[in-house]
A.B. asks: 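Before I ask anything, here is the structure I am working with.
We number each residue from 1, following the sequence as shown. As the structure is a prediction and not an experimental result, all values here were calculated from the model.
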Amino acid sequence: MDGYMQGRQYYFGFQLGTAYKITKDLSVYGGLRLLYGTATYKAKISNIMVNTAGGYVDFGSFLESAIGTIDNGLRQINAGMAQYEAAGATALPEYQQLAAQKAQLEGSRQNISSLFKYAQGVNLLCNQSSVGIAPVIGIDYRFGKFNLAAKYEFKTQIHMKNESTVNEASEIPAVNKFRDGEKIDEDSPAQLAVGAMWNITDNVRLNLGYHHFFDKDATWYNNSQDLLGGDTNEYLGGAEWDITNKLTVSAGIQFTRYQLTDEYMNDMSFVVNSHSIGFGFKYQVSEHVKLGAAYFQTNYGNYDRVTSQDPLISDSFTRTNRVLGVACELNF
């Protein structure tokens with residue numbers, strides 16, 4: 001078959017909060033984060049062919065041939081059963097065997113008939129949208145040349161509602177996720193972030209960080225979070241250098257580690273372990289305005305799984321990612 005899918009996802013975050021300085025060195029933060037999610041998926045399956053003993057056959061022709069074969073078998077079975085019924089011999093094992101064969105063929109015919117709607121392929125267009133809100137709390141403490149901080153973002157419940165061309169349940173399980181009117185669970189998991197900064201000198205700083213995403217406590221479509229082996233962890237390190245009073249450069253690295261399983265991975269949505277490196281700069285244009293830019297690249301690993309030993313079928317998952325960011329910071 002020929003398969004095609006195009007998708008996009010946007011999540012816009014809006015956060016409102018306030019910080020309070022308890023002492024000269026200790027501050028706390030509280031706020032609310034609003035997430036607006038929107039996504040569009042377009043998919044098409046066409047030119048479906050079936051590999052038979054006589055070579056590849058068009059899917060529609062294959063279904064018609066299969067129905068014809070089953071109907072021929074049912075006619076023969078009905079004729080045989082009619083002979084036993086005319087003789088009043090319906091209790092014989094031979095009659096019962098024919099009845100069982102008839103029930104099996106009728107079930108097969110029903111299953112094959114349900115596939116005729118896919119004879120010309122599948123077309124899908126689905127739009128999704130939703131809004132979620134969750135609290136955020138934080139704490140920051142300074143002592144000497146060190147600064148420690150922590151932040152906890154609560155789980156954001158997201159129920160993406162479908163507006164789709166798929167109006168009924170499909171025999172293709174992956175399509176049912178995009179059925180019209182369905183609400184799809186796509187929670188943003190809770191996150192704990194902790195960090196430490198060491199001011200080596202007045203103009204050089206080292207940073208360490210750790211992120212923990214509580215994936216297993218989130219709710220995703222078909223409870224796919226239960227298929228993970230555990231939560232996600234990230235480990236970060238970086239450095240900043242104030243070259244002048246106005247110019248600061250920085251560089252960093254991040255390692256992301258998932259607890260993946262063969263059951264969780266699929267070609268509709270997947271993640272793989274990675275490490276990222278990046279660098280950037282910040283320039284003080286004026287007393288109240290700072291400009292910044294940064295670039296980072298993520299290098300992903302490969303995740304391989306075997307889906308069938310006979311015949312041998314395997315999948316290999318990987319991806320690429322490059323990000324360029326620009327910023328303008330206004331200090332009133």
Side-chain angles (χ1 to χ4, degrees), residues 5 7-11 13 33 35 37 39 41 128 130 132-139 148-160 173-174 176-178 182-196 207-238 252-278 296-309 312-323:
M5 182 169 186
R8 65 163 179 82
Q9 294 176 328
Y10 292 115
Y11 283 89
R33 180 189 60 192
L35 282 181
Y41 301 95
Q128 298 178 335
S130 184
I133 192 168
V136 181
I137 56 175
I139 187 170
L148 305 178
K151 178 183 69 170
Y152 183 78
E153 300 181 0
F154 288 78
K155 178 179 71 174
T156 306
Q157 291 186 334
I158 298 286
H159 306 290
M160 303 287 278
N176 290 324
K177 181 178 180 180
F178 305 100
E182 289 285 320
K183 288 189 175 181
I184 307 302
D185 293 323
E186 295 283 0
D187 291 353
S188 177
Q191 177 195 1
L192 173 66
V194 295
N207 302 276
L208 291 175
Y210 168 72
H211 301 159
H212 182 86
F213 296 88
F214 296 85
D215 298 322
K216 299 285 286 183
D217 295 327
T219 302
W220 299 328
Y221 179 71
N222 271 353
N223 291 314
S224 60
Q225 73 281 351
D226 294 338
L227 303 178
L228 285 169
D231 295 330
T232 300
N233 296 291
E234 294 182 332
Y235 311 90
L236 305 93
I253 189 169
Q254 172 180 303
F255 297 91
T256 301
R257 295 294 179 264
Y258 301 99
Q259 305 298 313
L260 303 174
T261 64
D262 286 356
E263 294 75 18
Y264 176 80
M265 300 294 282
N266 68 79
D267 52 7
M268 290 285 291
S269 177
F270 68 89
V271 292
V272 287
N273 293 336
S274 65
H275 69 273
S276 303
I277 54 174
F296 80 82
Q297 177 174 318
T298 302
N299 301 306
Y300 291 90
N302 292 312
Y303 186 96
D304 299 316
R305 71 172 182 183
V306 175
T307 55
S308 173
Q309 294 286 354
L312 181 63
I313 301 174
S314 62
D315 296 320
S316 181
F317 298 89
T318 190
R319 63 201 306 172
T320 58
N321 190 46
R322 296 176 179 86
V323 175

A.B. asks: Side chains of Asp262 and Tyr303: do they bring a donor and an acceptor to under 3.5 Å?
C.D. replies: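 Distance-only check passes for Asp262 and Tyr303.
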A.B. asks: What residues, two or more places apart in sequence or in another chain, satisfy side chain to side chain donor-acceptor pair (under 3.5 Å) together with Ser276?
C.D. replies: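 By the side chain to side chain donor-acceptor pair (under 3.5 Å) rule, Ser276 matches Thr298.
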A.B. asks: Can you see which heavy atom on Ala150 is nearest to which on Val194, and at what distance?
C.D. replies: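 In this case the closest contact between Ala150 and Val194 is CB-CG1, 3.8 Å.
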A.B. asks: Can you list the residues that meet the ring pair (Phe, Tyr, Trp, His ring centres under 6.0 Å) rule with Phe296, with sequence neighbours excluded?
C.D. replies: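 So Phe296 forms no ring pair (Phe, Tyr, Trp, His ring centres under 6.0 Å) with any residue.
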A.B. asks: With Tyr235, which residues qualify under ring pair (Phe, Tyr, Trp, His ring centres under 6.0 Å), at least two apart?
C.D. replies: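 In terms of ring pair (Phe, Tyr, Trp, His ring centres under 6.0 Å), with neighbours along the sequence ignored, Tyr235 is linked to Tyr210.
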A.B. asks: Is Lys183 atom NZ crowded by more than 12 heavy atoms from other residues, nucleotides or ligands, each under 6.0 Å away?
C.D. replies: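 Counting neighbours around NZ of Lys183, 12 or fewer heavy atoms of other residues, nucleotides or ligands fall under 6.0 Å, so no.
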A.B. asks: Which is it for Thr232 and Asp215 under the side-chain hydrogen bond (donor to acceptor under 3.5 Å, both in side chains) test, yes or no, and what are the steps along the way?
C.D. replies: CA-CA 7 Å; Thr232 300; Asp215 298 322; 2.4 Å; yes
A.B. asks: Can you sort out the partners of Asp315 under salt bridge (Lys or Arg N to Asp or Glu O under 4.0 Å), two or more places apart, ordered by chain and number?
C.D. replies: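 By the salt bridge (Lys or Arg N to Asp or Glu O under 4.0 Å) rule, Asp315 matches Arg305.
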A.B. asks: Applying ring pair (Phe, Tyr, Trp, His ring centres under 6.0 Å), name anything that partners Phe154, two or more places apart in sequence or on another chain.
C.D. replies: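 By the ring pair (Phe, Tyr, Trp, His ring centres under 6.0 Å) rule, Phe154 matches Tyr152.
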A.B. asks: If the condition is side chain to side chain donor-acceptor pair (under 3.5 Å), which residues does Asn266 pass it with, not counting sequence neighbours?
C.D. replies: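 Testing Asn266 for side chain to side chain donor-acceptor pair (under 3.5 Å), a comparison that skips the adjacent residues, returns none.
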A.B. asks: Go through the structure and list residues passing side-chain contact (heavy atoms from CB on, under 4.5 Å) with Leu236, not counting sequence neighbours.
C.D. replies: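 Here the qualifying residues are His211, Glu234, Gln254.
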A.B. asks: Could you work out, with side-chain contact (heavy atoms from CB on, under 4.5 Å) as the rule, every residue matching Ile253, not counting sequence neighbours?
C.D. replies: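 Partners of Ile253 under the side-chain contact (heavy atoms from CB on, under 4.5 Å) test: Phe255, Ile277.
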A.B. asks: Decide yes or no for Leu227 and Met265: does some side-chain heavy atom of the first lie under 4.5 Å from some side-chain heavy atom of the second?
C.D. replies: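 A side-chain contact is absent here, since even the closest heavy-atom pair is not under 4.5 Å.
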A.B. asks: Distance check, rounded to the nearest 0.5 Å: Asn233 atom CG versus Arg257 atom CZ?
C.D. replies: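 The distance works out to 10.5 Å.
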A.B. asks: Report yes if some heavy atom in the side chain of Thr156 is under 4.5 Å from a heavy atom in the side chain of Ile133; otherwise report no.
C.D. replies: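 Thr156 vs Ile133: side chains apart.
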A.B. asks: Restricting to ring pair (Phe, Tyr, Trp, His ring centres under 6.0 Å), what partner residues turn up for Tyr221, sequence neighbours left out?
C.D. replies: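 Result, ring pair (Phe, Tyr, Trp, His ring centres under 6.0 Å) vs Tyr221: none returned.
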A.B. asks: With Glu153, which residues qualify under side-chain contact (heavy atoms from CB on, under 4.5 Å), at least two apart?
C.D. replies: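 Glu153 satisfies side-chain contact (heavy atoms from CB on, under 4.5 Å) with Arg33, Val136, Lys151, Gln191 only.
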A.B. asks: Side-chain contact test, heavy atoms from C-beta onward, threshold under 4.5 Å: evaluate it for Tyr300 versus Asn321 and give yes or no.
C.D. replies: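 With C-beta onward as the side chain, the pair touches.
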A.B. asks: Got a sec, which residues hit side-chain contact (heavy atoms from CB on, under 4.5 Å) with Ala39, two or more places apart in sequence or on another chain?
C.D. replies: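 side-chain contact (heavy atoms from CB on, under 4.5 Å) list for Ala39, sorted by chain: Gln9, Tyr41, Gln128, Met160.
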A.B. asks: Once salt bridge (Lys or Arg N to Asp or Glu O under 4.0 Å) is applied, do any residues pair with Lys155, and if so which ones, sequence neighbours excluded?
C.D. replies: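 By the salt bridge (Lys or Arg N to Asp or Glu O under 4.0 Å) rule, Lys155 matches no residue at all.
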A.B. asks: For the residue pair Gln225 and Asp217, establish whether any side-chain heavy-atom pair is separated by less than 4.5 Å.
C.D. replies: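 No - every pair of side-chain heavy atoms lies 4.5 Å or more apart.
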A.B. asks: Given Asp231 and Phe213, is the side-chain contact (heavy atoms from CB on, under 4.5 Å) satisfied, shown in steps?
C.D. replies: CA-CA 6 Å; Asp231 295 330; Phe213 296 88; 5.8 Å; no
A.B. asks: Restricting to non-hydrogen atoms, name the atom on Gly237 and the atom on Leu208 that form the minimum distance, rounded to 0.1 Å.
C.D. replies: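 In this case the closest contact between Gly237 and Leu208 is CA-CD2, 4.2 Å.
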